[in-house]
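These notes concern the structure reproduced below.
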Number of protein chains: 2
Amino acid sequence: MPSAVRPPTAELAAQFALLSDPLRLQIVLALTEEQLCTCHLVDLTGAKQTTVSHHLRQLRDAGVVAGEAEGRFTWYRLTSDAFAAMLEALTGIGSVEDAPRLRPTCVG
Amino acid sequence: MPSAVRPPTAELAAQFALLSDPLRLQIVLALTEEQLCTCHLVDLTGAKQTTVSHHLRQLRDAGVVAGEAEGRFTWYRLTSDAFAAMLEALTGIGSVEDAPRLRPTCVG
DNA sequence: GGTTGATATCAACGAGTATCGATGTAATGC
DNA sequence: GCATTACATCGATACTCGTTGATATCAACC
């Protein structure tokens with residue numbers, strides 16, 4: 001059993017999927033350093049504005065980034081504990097030393 | 001700057017992609033507890049044998065699991081530091097408190 | 001009010017990929 | 001040798017999803 005209540009596998013997989021796209025990952029990593037608005041991210045990534053906006057939408061829907069409108073601009077930042085579940089899961093996985101063989105060969 | 005040399009974004013994204021499929025994630029999480037062979041994973045997940053085998057192939061190619069053939073069976077286990085890069089990246093992301101706004105609005 | 005610029009939405013296209021049935025391979029047991 | 005079992009590979013299909021151009025929205029500025 002994991003230390004805490006683990007989210008359903010599908011939900012956790014969806015979290016990892018957020019970081020599985022190079023562009024989205026680049027956006028998230030950039031937002032680690034500073035808040036940025038869409039135009040900055042377009043410049044930074046070299047992707048089209050619609051593409052960046054599309055990924056920002058996904059990240060917003062997932063709750064890992066938040067956008068604050070300020071005039072024509074929208075400043076994006078990472079939400080505080082958006083990656084807690086992933087971090088916990090990975091910590092568990094990463095600490096595996098040498099798993100035992102508990103089961104007999106298949107009953108099938 | 002990150003603490004160590006960060007792998008290229010695309011490579012890191014590919015790592016996360018490994019955990020972005022519910023079935024693959026389920027397999028990895030199961031292997032955290034104990035070594036298992038394909039048939040066990042088929043029973044555990046309820047997926048078809050070919051599907052499980054397909055995902056094990058991907059995990060093997062990526063180097064995050066290793067299979068040891070033993071007679072008709074193949075025991076799979078997680079490799080030791082397969083998730084180190086992801087763990088480091090997530091730790092960096094997770095520790096973000098409140099990123100500043102360093103840039104002026106766009107030069108556009 | 002009209003124009004400009006930042007951003008979001010939509011529809012369509014294309015590439016990647018998960019699933020699955022059929023098949024191949026290799027090891028065990030009779 | 002032959003049947004059975006565990007596992008892998010292959011080809012086809014279906015579906016997800018990233019990208020993009022067109023378009024809409026909304027604020028700032030003249």
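The figures here come from the full heavy-atom set of this structure, side chains too, leaving out hydrogens, waters and symmetry mates. Every chain is numbered from 1, with letters handed out A, B, ... down the list of sequences. Keep in mind that this is a model prediction, so the values were computed, not measured.
- What you find for B:A30 and B:L41 is that their closest heavy atoms are CB-CD2, 4.3 Å.
- Checked against C:dT9, C:dA18, D:dA8, the side chain of B:T50 finds its nearest nucleotide in D:dA8.
- Closest approach to the A:T38 side chain among C:dA8, C:dC20, C:dA6 is made by C:dA8 (side chain taken as heavy atoms from C-beta onward).
- The distance between atom CG of B:L36 and atom P of D:dA6, rounded to the nearest whole Å, is 15 Å.
- The distance between atom CG of A:L18 and atom C1' of D:dC17, rounded to the nearest whole Å, is 13 Å.
- Rounded to whole Å, atom C1' of C:dC10 lies 17 Å from atom NZ of A:K48.
- Separating the CG atom in B:L56 from the OG1 atom in B:T51 is a distance of 11.0 Å, to the nearest 0.5 Å.
- Here B:R57 does not reach the OP1 or OP2 of D:dC7: none of its side-chain N or O atoms lies under 4.0 Å away.
- Atom C1' of nucleotide D:dT16 and atom CZ of A:R24 are separated by 12 Å, given to the nearest angstrom.
- The side-chain heavy atoms of B:V42 and B:K48, taken from C-beta on, include no pair separated by under 4.5 Å.
- The nearest whole Å value for the distance from the NE2 atom in A:H40 to the P atom in C:dA6 is 10 Å.
- A close approach under 4.0 Å does not occur between any side-chain nitrogen or oxygen of A:H54 and OP1 or OP2 of D:dC17.
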Pairs: protein N or O with nucleotides 25-30 of chain C N or O, under 3.5 Å:
none

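- Smallest separation of non-hydrogen atoms from B:V28 and B:L78: O-CD1, 3.9 Å.
- For the pair A:R101 and B:E68, the salt-bridge criterion is met [side-chain N within less than 4.0 Å of a carboxylate O].
- In plain terms, the two heavy atoms of A:R24 and A:L59 that are nearest each other are CD-CD2, 3.9 Å.
- Taking atom CG of residue B:L56 and atom P of nucleotide D:dC7, one finds them 9 Å apart after rounding to whole Å.
- Using a 4.0 Å heavy-atom cutoff across all strands shown, A:S53 reaches at least one base atom of the nucleic acid.
- Set against D:dT19, D:dC7, C:dA6, the side chain of B:C37 has D:dC7 as its closest nucleotide.
- In this model, the phosphate group of D:dA6 is not approached by any side-chain N or O of B:Y76 to a distance below 4.0 Å at OP1 or OP2.
- Put simply, CD1 on A:I27 is 11 Å from P on D:dG18, counting in whole angstrom units.
- Residue B:T51 places none of its side-chain N or O atoms closer than 4.0 Å to OP1 or OP2 of C:dT19.
- Between the CG atom of A:D21 and the P atom of D:dC17 there is a distance of 11 Å, rounded to whole Å.
- You won't find any donor-acceptor pair under 3.5 Å spanning the side chain of B:Q49 and the base of D:dA6, going by distance alone.
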